[in-house]
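Only one structure is covered here, and it is reproduced in the block below.
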Amino acid sequence: MDHGAGNLVSAVRGLERSGAEVTVVTEAGGFAGADGLVLPGVGTTAAAMARLHRQDLVNAISEWEGPLLGICVGLQLFFETSAEDDTQCLGLIPGRVIKLDKAPLLPHIGWNDVELAADPIFEGLGTSDLFYFVHSYAPAPAVLGDIIGRSEYGSEFVAAARHGNRVGVQFHPERSGEAGLAVLNNFVQSCSEARRAA
Amino acid sequence: MLRKRVIPCLDVTAGRVVKGVQFVDLTDEGDPIELAQKYAEGGADEICFLDITASSDGRSTMLDVVRRAAQNVFVPLTVGGGVRTVEDMRATLRAGADKVAINSAALADPTLIDRCAAAFGKQCVVLAIDAKRTDVGWEVYSHGGRTPTGRDAVAWASDGAQRGAGELLVTSMDRDGTYDGYDLRLLRAIKAVVQVPVIASGGAGSIPDCVAAFDEAGADAVLAASIFHRDEITVATLKSGLAAAGVAVRQ
């Protein structure tokens, strides 16, 4: 989905490298025939939500039942509310987005360790790997079982979450070298599987 | 643990990488995409592209470089040079930059920092500061180091961070391209007044220079150009040297 996010180009290229045929869509009509959706995100949640409303994408995303990947702000949009400008988000996953209050410096910029749960999105990776982050906020899922990746910067924060087919990462897989490309590849695989099952 | 970063910097003009000494005497160092790929494969944590073309005619050439880099290099890209407006920043992000550095235009109108941060979030706004030592401190220069502004570098760093710069790229003009080491006093003075990451730039000539930037000045990242372009020190060699010195880096 193109809602003006800055990381669109690199996210598209990363998915293509994983064998996906990527179509950039700006409206819900474009979802037809898709096996998976990706919501990228760089910027503020308020700006991103405003654009999703303007593009009439909010309901379409909520109604989408197939694989859905959120990246950075894209993941934050999945939750109910964000502390960043008190923004109402999509409410696809119970919980809210909080500021990294204990961080030594904000934004949290750079490569940090992520402890990885045994989730299909991390297939082929170990129990921990390094990923690239650029953010000041992170999700706080209401259901602990939705947390599939944890990192630490001043205090522990949630680096990845999954709720059914909806999965998201706070880091930038499209900018995290080989480990990041593995995450994108696993998402593309899950889209292929969803297609076969359909 | 958050790792300290190593950022090769590519000064680009007319689609080629060039490098000078103290901002002049430019030499051709190669193709930006090839160099960026080489550095990323060697373990660079980010790549920085600075468009050093003075005029605005080169903008489309630069955006094309960014677009190609974004498609072929899977580490973050910071892009600066010639970004004058919120729209310029938008175009640069849309071309595939992860962060955008602003410099002269922010000095001319500091509210550009506020406006860019409001539009795209602080995390992708980098304030680049070119500083030259004076009798009493450091003065900020604009327009690629050609124009003194009368502004104090430490005060400008503090103002920029408060306005919404998510990161500061601090270049010592005195040390640029000299291999004499980073200006640690400048870095320390700025680190003391801001709560955002600071990238040390200008003067890297050896592994100990980079260790000093981290250990003695508290830098969050080191940026270097000359030493990498001429393969005097590869990114991989620098990172193993840093690790050996006890600096937490990604290897």
Side-chain angles (χ1 to χ4, degrees), chain A residues 2 4-14 16-17 24 40-48 50 72-73 76 84-85 100 103-114 128-137 151-154 171-182 184, chain B residues 1-7 40-41 43-47 63 66-78 89-100 116-126 161 164-167 191 194-199 218 220-221 248-251:
Chain A
D2 178 8
N7 60 339
L8 184 71
V9 179
S10 43
V12 166
R13 184 69 188 100
E16 283 175 348
R17 222 182 97 140
V24 174
V42 164
T44 67
T45 45
C72 192
V73 169
Q76 295 177 8
E84 188 179 18
D85 306 321
L100 296 175
L105 300 174
L106 280 180
H108 172 224
I109 298 180
W111 297 76
N112 205 335
D113 302 279
V114 180
S128 142
D129 215 319
L130 281 163
F131 294 94
Y132 187 83
F133 291 85
V134 188
H135 65 126
S136 297
Y137 294 80
S151 187
E152 192 269 321
Y153 186 55
F171 52 81
H172 285 275
E174 77 283 8
R175 283 287 170 254
S176 294
E178 291 302 321
L181 290 171
L184 294 177
Chain B
M1 189 202 306
L2 180 65
R3 303 301 202 269
K4 297 290 188 180
R5 287 170 282 153
V6 172
I7 309 175
E41 281 159 20
D45 297 302
E46 281 178 46
I47 306 286
L63 290 180
V66 176
R67 215 167 279 122
R68 286 192 296 133
Q71 293 180 354
N72 293 291
V73 183
F74 296 98
V75 298
L77 305 175
T78 296
M89 178 156 174
R90 188 187 312 281
T92 311
L93 289 170
R94 292 291 280 175
D98 297 277
K99 295 185 279 186
V100 174
C116 287
F120 311 109
K122 291 181 182 193
Q123 77 291 331
C124 57
V125 182
V126 179
E167 195 165 45
K191 276 297 285 186
V194 299
Q195 293 294 317
V196 298
V198 170
I199 304 168
D220 300 283
V249 289
R250 161 182 164 262
Q251 282 188 285

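Throughout, protein chains are lettered first and strands after them, A, B, ... in sequence-line order, and every chain is numbered starting at 1.
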For A/P173, which atoms come within 4.5 Å of any heavy atom of chain B: side chain, backbone, both, or neither?
neither
Parallel, tilted or perpendicular: which one describes the rings of A/W111 and A/Y132, with boundaries at 30° and 60°?
perpendicular
If I measure from the heavy atoms of chain A, does B/V249 come under 4.5 Å with its side chain, its backbone, both, or neither?
neither
Which is it for A/N112 and A/E152 under the side-chain contact (heavy atoms from CB on, under 4.5 Å) test, yes or no, and what are the steps along the way?
CA-CA 8 Å; A/N112 205 335; A/E152 192 269 321; 5.7 Å; no
Part of A/I109 within contact of chain B (heavy atom distance under 4.5 Å):
both
Residue A/S136 versus chain B: region with a heavy atom under 4.5 Å
neither
N-O pairing of B/D45 and B/R3 below 4.0 Å
no
Interface moiety of B/K4 toward chain A, non-hydrogen atoms closer than 4.5 Å
neither
So for B/E167, is it side chain, backbone, both, or neither that comes closer than 4.5 Å to the heavy atoms of chain A?
side chain
Look at B/G121, B/P197, B/A117 and state which one has the largest set of heavy-atom pairs under 4.5 Å with chain A.
B/P197
How about B/R94 and B/L63: do any of their side-chain heavy atoms sit closer than 4.5 Å?
no
Check A/E178 with A/R17, please: is the shortest side-chain N to carboxylate O separation under 4.0 Å?
yes
Stepwise side-chain contact (heavy atoms from CB on, under 4.5 Å) check, A/F133 with A/V114
CA-CA 10 Å; A/F133 291 85; A/V114 180; 3.6 Å; yes
Could you have a look at B/K99, B/E46, B/M1 and say which one has the most heavy-atom pairs with chain A under 4.5 angstrom?
B/M1
Interface check, chain B: of A/V134, A/T45, A/L105, most non-hydrogen pairs under 4.5 Å belong to A/L105
Contact between B/C124 and B/C116 at the side-chain level, heavy atoms closer than 4.5 Å - yes or no?
no
Engaged part of B/A118 at the chain A interface, taking heavy atoms whose separation is under 4.5 Å:
backbone
